[in-house]
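Since this is a predicted model, take the numbers as computed values, not measurements.
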Amino acid sequence: VAIYGIIIAIILNSKMKASDTFGPQQMDDLKAACYTVLAAGLAVGVGNMACGVSVGIVGSSCALADAQNSSLFVKILVVEIFASALGIFAIIIGILQAQAAVFPN
């Protein structure tokens with residue numbers, strides 16, 4: 001899950017451009033691009049935090065259930081996979097938001 005944060009950081013860093021002069025319209029475009037980058041980073045961060053919490057809770061339950069009945073391991077492993085899918089969904093949303101960020105020249 002931690003690698004998703006690094007991936008989105010590289011994507012967002014490659015979107016940023018430097019410019020020397022700004023007019024009023026370019027300033028508005030810059031603000032919109034900065035807020036889009038912020039939203040993409042927050043979406044991935046919060047989504048991966050929720051993924052980590054859910055994987056921890058489900059992993060703990062899996063360990064307890066497996067100790068009581070070993071035939072439940074595969075069933076609970078499927079739930080573990082669904083919990084970790086939250087991180088994948090978060091990075092997909094972050095990439096889609098990052099594509100919308102257009103910095104002025």
For I81 and S84, work out which heavy atoms get closest and say how close. O-OG, 2.9 Å
Contact between I11 and I95 at the side-chain level, heavy atoms closer than 4.5 Å - yes or no? yes
Nearest 0.5 Å, please: how far is CG in L64 from CG in L72? 12.0 Å
Quick check: does any side chain N or O of S60 sit under 3.5 Å from a backbone N or O of G56, one acting as donor and the other as acceptor? no
Which heavy atom of Q99 sits nearest to which heavy atom of K15, and what is that distance? O-NZ, 3.7 Å
How would you list, by chain and number, every residue that makes a side chain to side chain contact (heavy atoms under 4.5 Å, CB included) with N13, sequence neighbours excluded? none
With hydrophobic residues grouped by side-chain heavy-atom distances under 4.5 Å, do L86 and I6 end up in a single group? no
Non-hydrogen atoms of A43 and I93 that approach each other most closely: CB-CG2, 4.4 Å
Identify whether I92 and V44 are in the same connected component of the hydrophobic contact network (ILVMFWY, side-chain heavy atoms under 4.5 Å). yes
Linking Ile, Leu, Val, Met, Phe, Trp and Tyr by side-chain heavy atoms under 4.5 Å, what else ends up with Y35? L38, L42
Residues at least two apart in sequence or cross-chain that pass side chain to side chain contact (heavy atoms under 4.5 Å, CB included) with M16, listed by chain then number, are V37, F103
Taking D66 for the side chain and C62 for the main chain, is one N or O donor matched with an acceptor at less than 3.5 Å? no
Quick check: do V1 and V55 have side-chain heavy atoms less than 4.5 Å from each other? no
Value for CZ (F82) from CG (L77), rounded to nearest 0.5 Å, stands at 11.0 Å
Taking all non-hydrogen atoms of both residues, which atom of G47 and which atom of A90 are closest, and how far apart? CA-CB, 3.8 Å
Which value, rounded to the nearest 0.5 Å, describes the distance between I7 atom CD1 and L12 atom CG? 12.0 Å
Show the nearest heavy-atom pair for residues A83 and C51, with the distance to one decimal. O-SG, 3.6 Å
Minimum heavy-atom separation for I8 to I91, with atom names? N-CD1, 4.4 Å
